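Input: a single structure, listed below in structure tokens.
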Amino acid sequence: MEKIQREENIVRIGVLLKQVLEKQKQKINEVTYGCVKASDYEAGEIIAKKIIENKLV
């Protein structure tokens, strides 16, 4: 089985960004009917993808 390596960086975030991460994690939990408990990493990757696709930055 091939192990997927992911690149991680440790950063300090503000209160608003933490709220966004928590909201995304709640949405993941709702959509998966409580079967998936997403990490900050996973929630952050989803948010980043949305920002890039919608050219918000």
Side-chain angles (χ1 to χ4, degrees):
M1 179 180 276
E2 187 177 320
K3 185 175 181 180
I4 298 172
Q5 272 194 324
R6 66 183 192 189
E7 184 178 330
E8 294 184 27
N9 298 298
I10 298 173
V11 297
R12 293 172 55 178
I13 62 171
V15 176
L16 292 176
L17 185 53
K18 184 62 177 172
Q19 288 174 357
V20 172
L21 286 171
E22 291 302 322
K23 191 169 185 176
Q24 182 64 50
K25 290 182 350 185
Q26 287 175 349
K27 289 290 183 184
I28 293 167
N29 193 38
E30 290 171 10
V31 170
T32 62
Y33 299 104
C35 293
V36 174
K37 297 289 183 193
S39 66
D40 287 341
Y41 178 91
E42 293 164 325
E45 289 296 294
I46 291 168
I47 293 166
K49 193 175 202 178
K50 290 177 182 179
I51 290 171
I52 291 167
E53 286 177 354
N54 291 297
K55 299 177 183 171
L56 298 176
V57 176

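Since we're looking at a predicted model, the values are computed, not measured.
The minimum heavy-atom distance between Ala38 and Lys25, with the atom names listed, is O-CD, 3.5 Å. Of all the heavy atoms in Thr32 and Val36, the pair that sits closest is OG1-N, 3.3 Å.
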Identify each donor-acceptor pair in which a side-chain atom of residues 8-19 lies under 3.5 Å from a protein atom, sequence neighbours left out, and give them as a table.
{"residue": "Glu8", "atom": "OE2", "partner": "Arg6", "partner atom": "NE", "Å": "2.9"}
{"residue": "Glu8", "atom": "OE2", "partner": "Arg6", "partner atom": "NH2", "Å": "3.2"}
{"residue": "Lys18", "atom": "NZ", "partner": "Glu22", "partner atom": "OE2", "Å": "3.1"}
{"residue": "Lys18", "atom": "NZ", "partner": "Asp40", "partner atom": "OD2", "Å": "3.1"}

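Side-chain N or O atoms of Glu42 include one that pairs as donor or acceptor with a backbone N or O of Ser39 at under 3.5 Å.
Both Ile51 and Leu21 are members of a single hydrophobic cluster when ILVMFWY side chains are connected at heavy-atom separations under 4.5 Å. Both Val57 and Val20 are part of a single hydrophobic cluster, where members link through side-chain heavy atoms under 4.5 Å apart.
Listed by chain and residue number, Gln24, Ile28, Lys50 satisfy the side chain to side chain contact (heavy atoms under 4.5 Å, CB included) test with Ile46 (two or more places apart in sequence, or in another chain).
Clustering of Ile, Leu, Val, Met, Phe, Trp and Tyr side chains at separations under 4.5 Å leaves Ile52 isolated, with no partner residue.
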